Amino acid sequence: MPKQDESGGHDLLETKQRLSAKLMPLDFISGVGIAGSKLVVYLVRPLEPEESKEVREIVDANAPGRPFEFVTTGVFKKK
Amino acid sequence: MANLVLSRSSIPQTLLDAKKSAMADFFTEGDVAMAVTFLAHPNPRHNVMGIGLGRKLVKGKLTDVPCVRFYVERKLDKQAISKEFMLPQRIGQVATDVIASGRFWAYAGASKERSRLRPARPGCSIGFAFTGAQSGNIMAGTFGAVVESGGKRFILSNNHVLAHENALPLGSTIFQPGLLDKNTPQTDKIGKLSKFVTLETANPNHVDCAIAEILENNLVSPTVMPKVNKLKSGQPVVATVGMRVEKTGRTTGYTSGTIRDISANVKVGYDLGTLTFEDQIIIVGGTKSFSDAGDSGSLIVEQKSKRPVGLLFAGSDSHTIANHIEDVLQQLNVSIVA
């Protein structure tokens, strides 16, 4: 059941899904989410400069003009 | 009568070398932490709690034979351990001994959440018994909530806590506490696996949940363990970014935190492989981590309204992931008893 965020609505959810499809296959990505009106790209570890460039290009192509942030979480595991 | 005297100042070099070798081969902090919090495993790297030097015990009596002593969480039946995982009988010329010491704690004793409780309450330890090739492993997770459907009451937790990631048949016995915390399956049966939502490896998941029918209603109470305590209502509240939440879980007890994300797509490591979950809640703790291994299944509650908001199932050291509780209740077709 998709949740509508407080500020961006379904457009932001669709953007997140589109971005998620592109970013999730990358090893160093642990997730893609939404915090308020911002997109969040969750990272397994801090990115090397070329990895950061690659991710920014994917975000720019799939979510042009959308604010986003990187958050390093580490690897997610069942608890 | 044994009369070999061993003191710290007179340990033969061969014994010290053997201990050093055993430490390198069978003891790492990370592995021990995993065993303590969630699972005991036949691989000695996951079961050895400590390594020391002393005299060998034979039939409960000290002998004169100096040895390297492996302290293990529990002794496993030899048939449950494959040859490659057997602890060695000798290290070089030095004999070894295996002592079941249980887990070592930082002088805290067993927490209430890990104890046997009747009535059992949400927040306490719960789990299944491994079967087949994995017999001998032991585990524990968290009892999340009492739920009801069609006049029957059930324990709510995760698929991976009650159904071993799709592996167990319906009707499998559920124990409180989980066998990792008190390995007495004869006396600690509390329910039987009734339903689970299958974890998908090829498609995205939305929930990791299962229910177990309670054997007798008076074995459980719906009041969550301190300091969450009684819910104001079992009716879910919708998660919002910035919402202050709390939980009581088997490993870290009571913790509070803040919701940071209400629609995250994440990759999560399971025994089945790396699974994808869509539309998840992400929480960060206040002064300490919101959760740790063994807290899976905990009900996450909004602090202000004392109403349920999520079901904890995964995370990293710094971030905790939960299913939206309304998705869980809808998929299982149950409601929470407050």
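Values in this document were obtained by computation on a predicted structure and should not be read as measured data. Here is the naming used below: chain letters follow the sequence lines, and residue numbers restart at 1 for every chain.
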**Asked** Would you call K16(A) and E278(B) a salt bridge, using N to O less than 4.0 angstrom?
**Response** no

**Item:** V71(A), part contacting chain B, at a heavy-atom distance under 4.5 Å
**Value:** side chain

**Message:** Check this for me, if you would: do E57(A) and K53(A) make a salt bridge, where the nitrogen-to-carboxylate-oxygen distance has to be below 4.0 angstrom?
**Reply:** yes

**Request:** Could you tell me whether the side chains of S125(B) and R114(B) share a donor-acceptor contact shorter than 3.5 Å?
**Result:** no

**Donor on one side chain, acceptor on other, N166(B) and N159(B), under 3.5 Å** = yes

**Request:** Find out whether L329(B) and P236(B) are in side-chain contact, i.e. whether some heavy atom of one side chain is under 4.5 Å from a heavy atom of the other.
**Result:** yes

**Distance under 6.0 Å and angle within 45° of ring axis: K247(B) vs F290(B)** = yes

**Prompt:** Contact part of T320(B) toward chain A, heavy-atom cut-off under 4.5 Å: side chain, backbone, both or neither?
**Reply:** side chain

**Fill in**
From the list G269(B), G315(B), A264(B), the residue making the most non-hydrogen contacts under 4.5 Å with chain A is G315(B)

**Item:** Residue part contacting chain A, namely of T142(B), when any heavy atom lies under 4.5 Å
**Value:** neither

**Prompt:** Taking the side chain as C-beta and beyond, is there a heavy-atom pair between F277(B) and F313(B) under 4.5 Å?
**Reply:** yes

**Request:** Determine the option with the most heavy-atom pairs under 4.5 angstrom with chain A, choosing from N158(B), D261(B), V268(B), D295(B).
**Result:** D261(B)

**Item:** Contacting moiety of I259(B), where chain A heavy atoms sit under 4.5 Å
**Value:** neither

**Message:** Please classify the contact of N265(B) with chain A as side chain, backbone, both or neither, using a heavy-atom distance under 4.5 Å.
**Reply:** both

**Fill in**
So, the part of S30(A) with a heavy atom under 4.5 Å from chain B: the answer is backbone

**Closest-packed option against chain A by number of heavy-atom pairs under 4.5 Å, given L312(B), D208(B), T274(B), I321(B)** = I321(B)

